[in-house]
Each structure stands twice: as structure tokens, then as C-alpha cells.
Amino acid sequence: MAARDTAHPIALDTETTDLNPFKAELVGMGFCWGPGPADLAYLPIGHHPPMAADLLSAAPEAPPQLPLAAVVSALAPWLTSPDHPKSLQNAKYDRLILLRHGLALGGVVMDTLLADYLRDANAKHGLDAMAERNFGFTPTSFSDLVAKGANFASVPIEVAALYCGMDVHLTWKLTQLLGRQLQDLGEALTPLLREVELPLEPVLAAMEATGIRIDIAYLQELSAELLATLTALEAQAKEAAGSDFNLASPKQLGELLFDTLGLDRKKSRKTKTGWSTDAAVLEKLEADHPVVPLVLEHRTLSKLKSTYVDALPALVEPETGRVHTDFNQAVTATGRLSSSNPNLQNIPIRTVFSRRIRKAFLPQEGWHLISADYSQIELRILTHLSGEAVLVNAYQQGDDVHALTARLLLEKENITPDERRLGKTINFGVIYGMGAQRFARETGVSQAQAKEFLSKYKQRYPKVFAFLELQERLALSQGYVETILGRRRPFPFDPNGLGRLRGKDPLAIDLEVARRGGMEAQQLRAAANAPIQGSSADIIKVAMVQLHHRLESTGLAARLLLQVHDELVLEAAPEALDAVVTLTRETMENAVTLSVPLVVETGVGPNWMEAK
DNA sequence: ATAGTCACG
DNA sequence: ACGTACGTGACTATA
């Protein structure tokens, strides 16, 4: 059990009563320090006593349980020590459990979940899937161990020890294996794990544990107002339609519009189950029948009511009075985080009404909310990665790049706001591989005009297109693309299809031929986009790690609360506010050094709406 | 469970 | 001739 041996950390696993770390009670802990059957231990802590019926047949003495307080105080020095290396599968969960018992887990040098995510973002990273894949072994599943409705505390200690022992044993074995695998994949992934993903995990745990305050009473008022509006809209829609139908059923709505009312089917398209009635379709039909605008309005408002206004209050933890999202660090293909239960990365903002929902997100009493977001970070990254001199210069001079693009495309000096919007649409569109059709639809110009703009864009910014095309070629020839920190997104093309291009000289690949299939074309756009979206994720992750530590070391009264891809949300005490805003901006802007400056815009307010 | 839809960057 | 803008998560209907 040598300390400081980061190559051979001790695997650790906690067993609890609940998947939700804010509800879970500690039931036991497992340890594994070597490959053998004797290199394992299980500490029972919170198992239920055996049932009376079991006691009659059971051994006279039930296995001893260790009192929680005794375990916590005895293990605290080891659990919190940065000098005793540990490895866990999804350390954030265990960390949150231990945090509730006052323990700050230290010395996590490996997280098998995060390592496997860096190895292959597309793979499944559950312990069961990894055991199957690497060792051809299927561990007992949790659901086979614990009856429905019961929890781990009801599992007998001897059984729990075997189950937990297997989990920590697998974690130990995977620790060794994944450490080697990441090294074999090149120079970048081990530092990315050690310097970004592993240090980010406790930052996310802290953000989740803090949570964000929600104004429940205000949301309930909003809910009542929405209910009244929705009820009225529903009655009006049925009146206009001349029939009773479920406004929430796309199937019934499609039948009403295209069968009963005979509206123009050419404005819709076929789905697997009938006619599409999505917002784009309904907008085309808006003037054709009075029911359509009513349905559109109803759709928007009922979405907001069910997904946010009614859902959020139910997710407030009674213990803390705040909502604690789950930031998932190992789900997206590109390296971004995702957020769930609730998803706080898709809180409405775009419409006037939806902005009212943001007013429900509050700082701690007496504090301020801060929002800090990267300005045009993806376009800056594309500029940096492509080295397109016109754009590099523009960003270095602090010019308005959307206006610049509009001037270049329209070949005139003075640009109207509408024309600038055209530049913005095309600047962002190229990041996603937008075609002329979509560009025309977004901006209202003709398809021919859109085609001309795109080819002009290509002439003016040739390096942008060379870069994007190179990513497609790399996806085909090497099977993956990379971000600035070396994060990979694999593209496992079928060897009988585009996979046959593996190993070829990337510049010799005929992209037009490769792009012919629908699915393949989509994959190639994703390949061009991944280094941009993924590098943005790299940068904000570095900023979060640095900012969290700087807030701690300076002792400023402020906490990171949320990350929304290019935005950080914090709360700060009034006396710390100015210092925190400055520290946040400077940390985000200097997280990495590119050929173009990174610019962060900040706002402060009494709620999330007013902080933006 | 899957499909359709829609909220966000 | 078609469909073509990347990445997510949640809700409702429907099977």
C-alpha cells in the first residue's frame, strides 16, 4: 500500500441506497489493491439488519457492522489524502456521497469512466460494458442483486461483499489496462486526463453539490398564468378546427390538417408515422387556416410549462432548497458536458415569454448572479485552426467579423444590420457544413444567390474550407479527428463502405465521391465540426478548473454554479463581486493562447435573466 | 421503447 | 431525385 505510487492506485467503490447522491446513504465501501483474490476488502456500514425470519435460520451472530462515524473518522486521513493514490469508476458520484459526510476525497489519479471516454467517446463506459469488452466477463447486474423497490442496504453483507469486491477488482484491472491504452494512443490523452478531465471532476461535483436557487412561488404564478392561456387556446383551436382533437398529438394534428381540412401537403413532409407538423411546417401553413397559429402558440407555451415551469419546482431538493443538476462528463461525442435531471443547459431564452423563466434562477440570498460567456468562441477557434489570415487579422484588430464577412460577400463598404445578419448566418453556418438550400431558407435569399454567396465565401476564406475539408479527409484516412488538446472523436466508417479509405493519403481522397451517401455526408459534416466544438469544450474546461482553484485560493465569496457550453454562471457576495467578475473574465480569456484573442462578456444581476 | 417535437449552445 | 447544419435532454403520445 505504498503511498505516492500513482501507477498502482487503490481502487475504491462506495455502495449506497440511491442513484441520486443527494438522497443516498452510505451502505458499504470496497477496496482493491492488487490482482489477487486476497487483495480485496469490503467494509459494511449501513446494511439493514437481517429480517426476523432470516434470523431464525441464520448464523447466531450476524456479521459485524461498522458504525458510520467510526468508519468516517478512521478512513478520513486516507480518503482525503492527495498522497494516497486512488482509482474509481465515476469518482464524482462517490465524491458527492463522501462530501455529504464531510469528507473531501483526495488523491484520485484515475477515473476509469473518464479514461475510457477519452479512449473512445463513442464506446459504452459502464463497468459492465467495459468488463465485457476487455475481459469477456459479465458481472452480476445491479438489478439482479437488488429487488425492484428495494435498495442496496437490504442486500446481505456476504453477498454485498462479493458484488462490491467484483466492482473494485474490475476497477483495479481497468485502471492498469486503460492507463496503458491511453499511452498507446499517443502523447496527448494522458495529459488531457490528468490535467483536464480528472481535475474537472471535483469542480463539477462542487457545482452539483452547491446547486442553484429557484423561485418556486414565482414559477407557480407563471404556471397558473400559462394554464389559463393554454386552456383558452385549446378551446379556440378546437372551435377553429370544428372538431375535438388532442393538440399535443402530432398524429391527430397531421390528420386534421392534411386529411380533414385539406391543407397543402406539399408544405409538409412524410414521417414514419404520418405528416410532419413541426414548427417549420406549421409556419408555412400559418396563413392557410386559423387553427394553425393557435396550435403553434399552444405548442410553444405547453412545452415551456411542462418542461420548465412545472418540472423545476419538483426537482428542488428539500434539504438545500436548490436544484442540483447532474453534469455528465462522459456522454457527448465531441467533449462537451451534458446536463440532466434537470437539464440546466437548455433553459429558455430566445422568446420574450421564455426569458421570464430565467427570472426564476436566483443567487443565494443577498448575493449576485454572474454570467460570463465567450464571444464567438467557435468562430475564433475555426479562425485559429485554419489560419485564415483575413480572419486572424480581423480578430486581432477587434473588428466586427460578421460585418467583415458581409462586406466581402456583398462587395461594398457600408452594411445594414440585415446584411450583417447575413454575414453572421453564413459564418456560423460553415461551422456546421451548411448547404445553399439551408442558407437560403435561413436568410430569405434565393437559392441561386445563396450558392453564389457560399462560393464567394470559399474564395475569400480559402483556408477555412481547406481546414474543414482536411478534417473530413482525416476522419476517412485515420478514422478520427482531434481537438487542440488532442481529444479524439472516432469515425468508425464501415470497412465495406467509406472505411476502405483508411490508411489512404488524406489529400488523395475524392471528397465529392465520399459525400455521396446521406448518412456518410452527415458523418463528414460532424467530422468537420468536431474539432471546433470539441476545442471549445477543452478551453472552457481548462478555465473552469483554473477558476475554481483561484476562487478557493483567493478566498473570494463566490461559487461556480453552471456551465452552458460557452457560458459560466457564478454567484458572488456583494463585497467580492468586482474582483470575481475580473477574475472570471481574465481566467476564461487566458485559459489557452491562440493566434486570436478570446473575449468574454460578463453580466451581473439579481437573477439569470438580468445577468445576461 | 420509439417517434416526434422542441428547448439550449 | 432526394435531403443536407453540428451537439445535447425532456416531454407527450403511442405502441
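On a predicted model such as this, the values are computed, not experimentally measured, just so you know. Letters A, B, ... mirror the listed sequences (proteins, then strands); counts begin at 1.
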Provide, to the nearest angstrom, the distance between the NE2 atom belonging to His565(A) and the P atom belonging to dC6(C). 16 Å

Out of the candidates Thr231(A), Leu294(A), Val291(A), only one should pair with Gln236(A) under the side-chain contact (heavy atoms from CB on, under 4.5 Å) rule; please name it. Leu294(A)

Could you give the CZ-to-P distance, from Arg516(A) to dG3(C), as a whole number of Å? 19 Å

What integer number of Å spans the P atoms of dT2(B) and dA5(C)? 26 Å

Cut-off 3.5 Å, side chains only: do Gln533(A) and Thr334(A) have a donor facing an acceptor? yes

Any residue of residues 451-470 of chain A with a heavy atom less than 4.0 Å from an atom of DNA chain B: none

For dA5(C), does the base pair up with any side-chain atom of Arg438(A) as donor and acceptor (N or O, under 3.5 Å, distance only)? yes

Strand-adjacent residues in residues 219-230 of chain A, judged by heavy atoms under 4.0 Å from DNA chain C: none

Counting heavy atoms from C-beta on, name the nucleotide in dA7(B), dT5(B), dA5(C) closest to the side chain of Thr271(A). dT5(B)

Listed by chain and number, what are the salt bridge (charged side-chain N to carboxylate O under 4.0 Å, His left out) partners of Glu520(A), not counting sequence neighbours? none

Where is the tightest heavy-atom contact between Asn607(A) and Leu369(A), given as atom of each residue plus distance? C-CD2, 3.6 Å

More than 12 heavy atoms of other residues, nucleotides or ligands under 6.0 Å from NZ of Lys424(A): is that the case? no

Sorted by chain and residue number, the salt bridge (charged side-chain N to carboxylate O under 4.0 Å, His left out) partners of Arg213(A) (sequence neighbours excluded) come out as Glu365(A)

So does Leu511(A) have more than 12 non-hydrogen atoms from other groups sitting under 6.0 Å from CG? yes

Of the listed nucleotides (dC11(C), dG7(C), dA5(C)), which one gets closest to any side-chain atom of Met434(A)? dA5(C)

What's the closest nucleotide to the side chain of Ser354(A) if the choices are dT14(C), dT8(C), dC8(B)? dC8(B)

Taking salt bridge (charged side-chain N to carboxylate O under 4.0 Å, His left out) as the definition, give me every residue that meets it alongside Asp400(A), ordered by chain and number, with sequence neighbours left out. Arg420(A)

Winner on side-chain proximity to Arg525(A), out of dC6(C), dC11(C), dA7(B), is dC6(C)

Contact class for Glu442(A) vs. all strands (heavy atom < 4.0 Å): base, sugar-phosphate, or nothing? base

Euclidean distance, atom CD of residue Gln522(A) to atom P of dC2(C) [Å, nearest integer]: 20 Å

Going from CG on Asn341(A) to CZ on Phe22(A), what distance comes out if it is rounded to the nearest 0.5 angstrom? 11.5 Å

Considering only heavy atoms, which members of residues 340-350 of chain A lie under 4.0 Å from some atom of DNA chain C? Ser340(A), Asn341(A), Asn343(A)

So, is Lys251(A) close to the dT14(C) phosphate, meaning a side-chain N or O under 4.0 Å from OP1 or OP2? no

In this structure, how many angstroms lie between the C1' atom of dG9(C) and the CG atom of Leu304(A), rounded? 15 Å

Take atom C1' in dT5(B) and the same atom in dC2(C), then report the distance between them in whole Å. 23 Å

In residues 277-286 of chain A, what residues come within less than 4.0 Å of DNA chain B, judged by heavy atoms? Thr277(A), Asp278(A), Ala279(A)

How long is the line joining CD of Gln447(A) and P of dG3(C), in whole Å? 13 Å

Ile347(A) vs Arg358(A) side-chain heavy atoms within contact, under 4.5 Å: yes

NA contact type, Arg489(A), heavy-atom cut-off 4.0 Å: base, sugar-phosphate, or nothing? sugar-phosphate

Nearest-angstrom distance, P atom, dT4(C) to dC6(B): 16 Å

Students often get this wrong, so: under 4.0 angstrom with heavy atoms, is Val331(A) touching a base, only sugar-phosphate, or nothing? sugar-phosphate

Counting only side-chain nitrogens and oxygens, does Arg299(A) get under 4.0 Å of the OP1 or OP2 atom of dC6(B)? yes

Are OP1 or OP2 of dC11(C) and a side-chain N or O of Ser302(A) less than 4.0 angstrom apart? no

Are the side chains of Met207(A) and Leu561(A) in touch, meaning some heavy atoms are under 4.5 Å apart? no

Taking only distance into account, with no hydrogens and no angle test, what donor-acceptor pairs under 3.5 Å do side-chain atoms of residues 252-263 of chain A form with protein atoms, sequence neighbours excluded?
unit_1    : atom_1 : unit_2    : atom_2 : d
Gln252(A) : OE1    : Asn246(A) : N      : 2.9
Asp259(A) : OD1    : Arg265(A) : NH2    : 2.7

Confirm from the modelled atom types if Lys303(A) and dC11(C) form a donor-acceptor pair under 3.5 Å, side chain to base only. no

As an exercise, state the distance from CD of Glu567(A) to CD of Gln563(A), rounded to the nearest 0.5 Å. 9.0 Å

Quick one: label Glu378(A) by what it contacts on the DNA or RNA (base, sugar-phosphate, nothing), any heavy atom closer than 4.0 Å. nothing

If you take any heavy atom closer than 4.0 Å to DNA chain B, which residues from residues 530-547 of chain A end up in contact? Gln533(A)

Would you give me the side-chain donor-acceptor pairs under 3.5 Å for residues 457-469 of chain A, sequence neighbours excluded?
unit_1    : atom_1 : unit_2    : atom_2 : d
Tyr457(A) : OH     : Asn427(A) : OD1    : 2.8
Tyr461(A) : OH     : Thr405(A) : OG1    : 2.9

Would you write the dot-bracket representation of DNA chain C, where each base gets (, ), [, ], | or . depending on whether it forms a Watson-Crick or G-U pair under 3.5 Å and with which partner? .....|||||||||.

Can you tell me the distance, in whole Å, between the CD atom of Gln437(A) and the C1' atom of dC2(C)? 9 Å

Flag this pair as yes if the NZ/CZ of Lys270(A) is under 6.0 angstrom from the six-membered ring centre of Trp275(A) and inside a 45 degree cone about the axis; otherwise no. yes

Both Ser306(A) and Arg269(A) contact DNA chain C. Which one's nearest nucleotide lies toward the 5' end? Arg269(A)

Rounded to whole Å, how long is the line connecting atom CG of Asp310(A) with atom C1' of dT12(C)? 14 Å

Considering residues at least two apart in sequence or located in another chain, which fulfil the side-chain contact (heavy atoms from CB on, under 4.5 Å) criterion with Arg119(A)? Asp116(A), Ala123(A), Arg133(A), Leu178(A), Gln181(A), Leu182(A), Leu185(A)

Can His402(A) and Phe428(A) be said to form a ring pair (Phe, Tyr, Trp, His ring centres under 6.0 Å), step by step? CA-CA 9 Å; His402(A) 297 326; Phe428(A) 282 116; 5.3 Å; yes

Hey, is the side chain of Ser338(A) poking within less than 4.0 Å of OP1 or OP2 on dG9(C), counting only N and O atoms? yes

Arg358(A) has an atom CZ; how far is it from atom P of dA7(B), in whole Å? 13 Å

Just checking, is any N or O donor in the side chain of Arg488(A) or Thr483(A) under 3.5 Å from an acceptor N or O on the other one? no

So CG of Leu498(A) and CE of Met519(A): to nearest 0.5 Å the spacing works out to 11.5 Å

Assign each of Ala521(A) and Asn246(A) the nucleotide of DNA chain C bearing its closest heavy atom; nearer the 5' end lies the nucleotide of Ala521(A)

